[in-house]
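A short write-up of the structure that comes next.
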Amino acid sequence: MFDDSGHMKEAKTKSTLKNALKVEVSSRHADVTASFLDGCAVRWVVSWPTGGGTVQDFLDNFRRHIQVHLQMSDVYLIFDKYNEGSIKESTRSDRDKGVSRVYTLRPTARLPLQKVLLTVGSNKKQLIDLIVDDLVAHKDMLTASLVVTGNDPVPVQISRGVVTRREDMSITHEEADTMIIRQIAYVGASEVLVVADDTDVFVLLCHFVFEGDITGRVMMVSPVKGRSFIDINASVEKNRDVMGNLLAAHGVTGCDTVATYYGIGKGVALKVLRSNVHSLSNVGDINCSVEDAVQQSTRFLLSCYGHPECESMTEARQKIWSTKVSRSIGGAPKLQTLPPTNETFRENVARGHLQVAIWRQAIQPNPPLMDPLNYGWSKDEGSSSLYPTIAAENVAFAPEELLKVIKCSCDSAVPCKTKRCGCYLAGMACTSFCKCEGGHGCFNQKTRECLQAETEDENM
């Protein structure tokens, strides 16, 4: 569930879920009465000035893009928030690794490259403020009604040249995904268009239409031109058999704040869902404990791994290990290809429980009061930044007797290069338990061969 740097492995097959469930139509069936735009998704498709363009040039392009939507209906423009110390901050920082330049943005400044600017949180926050300020400054040019939710918890409404703070729509959710749901339910429009790309938004829309919290007809379309419309109501009817557990299954099998499992993509999860054997009602229920969520998630994931007869993830891990070893002629399988242990699985389900609880409360103005430190997240003393807990502090990664056998303590300038290294002497690669941590600074030839093989696998 984690890479060598300790970052959670992302779910890269999320779109598989949307593609399998969606019902596409060539156009809208009726006139839209309200459009809800994921501001961060729109920001990527608006023409980005190059060759000496300024920030104001981009703001002009963005405003023109919004004006097109205003010609069709009232518009609700919703941006992500970037809260320090949140679970989303951790996952965003993982995505931003390698890009860290922070700019001071002002309308007359030269516009940096899109990829550089839009992959750093502080840059995005500045740009959101500038977009909101620009729309307010051009209030007399906007047709229909525009409600903008930016960094401020209170949205701003611009209508007929009048700017109003919508205190009644105040919201403290962090993600645009959940804020979109809240505003659709609050506005109660009969014909809704959602402009977004994210699978999370699709799943949330399906869930709340299924639950009856969103009563209007809902269409979803990508901000990228030329894409088909998705009929959310028809998608729900077509897949009613999985709708009751879809939100929880999506959360526990991998999303932005929950690690994915090797070999368990969204297609596998959907197949198990369709068997209608498992309930995930405890996952994300604020009245249920983490242990309640783990119990249901264990049964579900064991079926995903093809071992519903097992009683625990560790038992399934041992069975799959034994099967792979007996069939392999090239040695033992890589540990990353096995199910997680009970201990690491528990922490990941805790993160899923928290995320799904936030999703389930999307129709409320505020997320549930759940401390991330009790749900699979940790932070260092004196720091506000969270990082995912791999296993509880009192859990050993391996029996002490085994660690004494398989780890070395080499600390020379060229560690593990000679037979003084116990791993080298035994003909084994060093591991993360060794002092060298089995990384690129290790000179054990077996370690280097393993690292090379892993690099080749990643490039395949």
Side-chain angles (χ1 to χ4, degrees), residues 36-44 46 59 62 66 75-96 99-100 102-103 105 117-136 146-158 165-187 194-201 204-205 223 251 255-258 351 354-372 375 377 379 383-387:
F36 297 82
L37 279 59
D38 180 343
C40 295
V42 170
R43 195 172 52 194
W44 279 101
V46 169
L59 297 176
F62 193 97
I66 299 303
V75 170
Y76 297 79
L77 176 64
I78 302 147
F79 290 96
D80 284 334
K81 292 182 171 63
Y82 297 86
N83 298 337
E84 186 177 356
S86 72
I87 59 176
K88 284 294 294 184
E89 182 196 37
S90 172
T91 57
R92 286 169 180 151
S93 64
D94 284 354
R95 292 179 194 162
D96 298 350
V99 181
S100 59
V102 176
Y103 292 87
L105 299 179
L117 189 67
L118 297 186
T119 50
V120 177
S122 58
N123 293 336
K124 290 183 279 190
K125 286 181 69 174
Q126 291 183 73
L127 190 58
I128 290 169
D129 283 337
L130 288 170
I131 289 171
V132 175
D133 290 345
D134 181 79
L135 291 169
V136 169
L146 171 65
V147 177
V148 188
T149 306
N151 294 315
D152 192 326
V154 179
V156 173
Q157 179 172 321
I158 307 168
R165 283 174 60 81
R166 292 293 302 269
E167 299 284 351
D168 60 312
M169 295 181 68
S170 179
I171 191 166
T172 59
H173 282 279
E174 183 174 9
E175 293 186 83
D177 305 355
T178 48
M179 290 187 279
I180 286 172
I181 299 300
R182 163 65 181 171
Q183 294 193 8
I184 293 174
Y186 183 83
V187 172
V194 177
V195 180
D197 249 337
D198 199 346
T199 297
D200 294 352
V201 176
L204 282 162
L205 288 170
C255 57
D256 290 349
T257 59
V258 182
R351 289 187 287 273
L354 173 59
Q355 180 61 70
V356 179
I358 293 170
W359 284 341
R360 289 190 191 277
Q361 197 139 327
I363 59 170
Q364 303 300 325
N366 306 306
L369 295 174
M370 299 169 70
D371 185 350
Y375 295 93
W377 295 91
K379 67 179 178 180
S383 172
S384 63
S385 297
L386 296 169
Y387 60 88

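Because the structure is predicted, anything quoted here is derived from the model rather than measured.
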Practice task
With sequence neighbours excluded, tell me which residues meet side chain to side chain contact (heavy atoms under 4.5 Å, CB included) with Val156.
Solution key: Val136, Ile158, Val163
Exercise for the section: Using the test side chain to side chain donor-acceptor pair (under 3.5 Å), find all partners of Asp38 that sit at least two apart in sequence or belong to another chain. Expected result: none
Fill in the blank from the handout: The side chain to side chain contact (heavy atoms under 4.5 Å, CB included) partner of Phe79 among Val42, Asp129, Val148, Leu37 is Val148
Practice task
For residues Asp80 and Glu175, determine if any side-chain heavy atom of one lies less than 4.5 Å from a side-chain heavy atom of the other.
Solution key: yes
Fill in the blank from the handout: Sorted by chain and residue number, the side chain to side chain donor-acceptor pair (under 3.5 Å) partners of Arg351 (sequence neighbours excluded) come out as Asn348
Completion exercise
For Ser384, the side chain to side chain contact (heavy atoms under 4.5 Å, CB included) test, sequence neighbours excluded, returns Glu84
Handout entry: Considering all heavy atoms, the nearest Arg182-Ala362 contact
Key = CB-O, 3.1 Å
Exercise for the section: Answer yes or no: is there a side-chain heavy-atom contact under 4.5 Å between Ile171 and Lys81? Expected result: yes
Fill in the blank from the handout: Those residues at least two apart in sequence (or on a different chain) that pass salt bridge (Lys or Arg N to Asp or Glu O under 4.0 Å) with Arg165 are Asp152, Glu167
Practice task
Answer yes or no: is there a side-chain heavy-atom contact under 4.5 Å between Met169 and Gln157?
Solution key: no
Completion exercise
Taking every heavy atom of Lys379 against every heavy atom of Leu386, the minimum-distance pair comes out as CB-CD2, 4.0 Å
Handout entry: Sub-4.5 Å side-chain heavy-atom contact between Asp134 and Leu130
Key = no
Handout entry: Partner residues of Pro153 under the side chain to side chain contact (heavy atoms under 4.5 Å, CB included) criterion, sequence neighbours left out
Key = Ser170
Problem - Non-hydrogen atoms of Thr257 and Lys88 that approach each other most closely - result: CG2-CD, 4.0 Å
Exercise for the section: Mind checking the CD1-CG spacing from Ile180 to Leu204? Nearest 0.5 Å is all I need. Expected result: 9.0 Å
Problem - Spacing of CG belonging to Asp177 relative to CE belonging to Met179, to within rounding of 0.5 Å - result: 8.5 Å
Problem - Partners passing side chain to side chain contact (heavy atoms under 4.5 Å, CB included) against Val187 (at least two apart in sequence or in another chain) - result: Phe36, Tyr76, Ala189
Exercise for the section: Name all residues meeting the side chain to side chain donor-acceptor pair (under 3.5 Å) criterion together with Thr178; count only those two or more places apart in sequence or in a different chain, and write none if there are none. Expected result: none
Exercise for the section: List for me each residue that meets salt bridge (Lys or Arg N to Asp or Glu O under 4.0 Å) alongside Asp371, sequence neighbours excluded, and say none if there are none. Expected result: none
Exercise for the section: Report the distance from atom CG of Leu205 to atom CD1 of Ile181, rounding to the nearest 0.5 Å. Expected result: 4.0 Å
Problem - His173 side chain to Ile358 backbone, donor-acceptor under 3.5 Å - result: no
Fill in the blank from the handout: When rounded to the nearest 0.5 Å, the distance separating CD1 of Ile66 from CG of Leu135 is 6.5 Å
Handout entry: Least distance between heavy atoms, Val356 atom then Gly251 atom
Key = CG2-CA, 3.9 Å
Handout entry: Between CG on residue Asp133 and CD1 on residue Ile128, distance to nearest 0.5 Å
Key = 12.0 Å
Problem - Atom of Val102, atom of Asn123 and distance for their closest heavy-atom approach - result: CA-OD1, 3.5 Å
Handout entry: Side-chain heavy-atom pair Leu118, Lys124 within 4.5 angstrom cut-off
Key = yes
Practice task
Would you mind reporting whether Gln183 and Thr149 have side-chain heavy atoms less than 4.5 Å apart?
Solution key: yes
Problem - Heavy-atom closest contact (Gly39 atom, Leu77 atom, distance) - result: CA-CD1, 3.7 Å
Practice task
List for me each residue that meets side chain to side chain donor-acceptor pair (under 3.5 Å) alongside Thr172, sequence neighbours excluded, and say none if there are none.
Solution key: Asn366
Exercise for the section: Could you tell me whether the side chain of Leu354 reaches within less than 4.5 Å of the side chain of Trp377, counting heavy atoms only? Expected result: yes
Handout entry: Heavy-atom check, side chain of Asp200 versus side chain of Asp256, under 4.5 Å
Key = yes
Handout entry: Interatomic spacing from SG in Cys40 to CG in Leu127 - rounded to 0.5 Å
Key = 9.5 Å
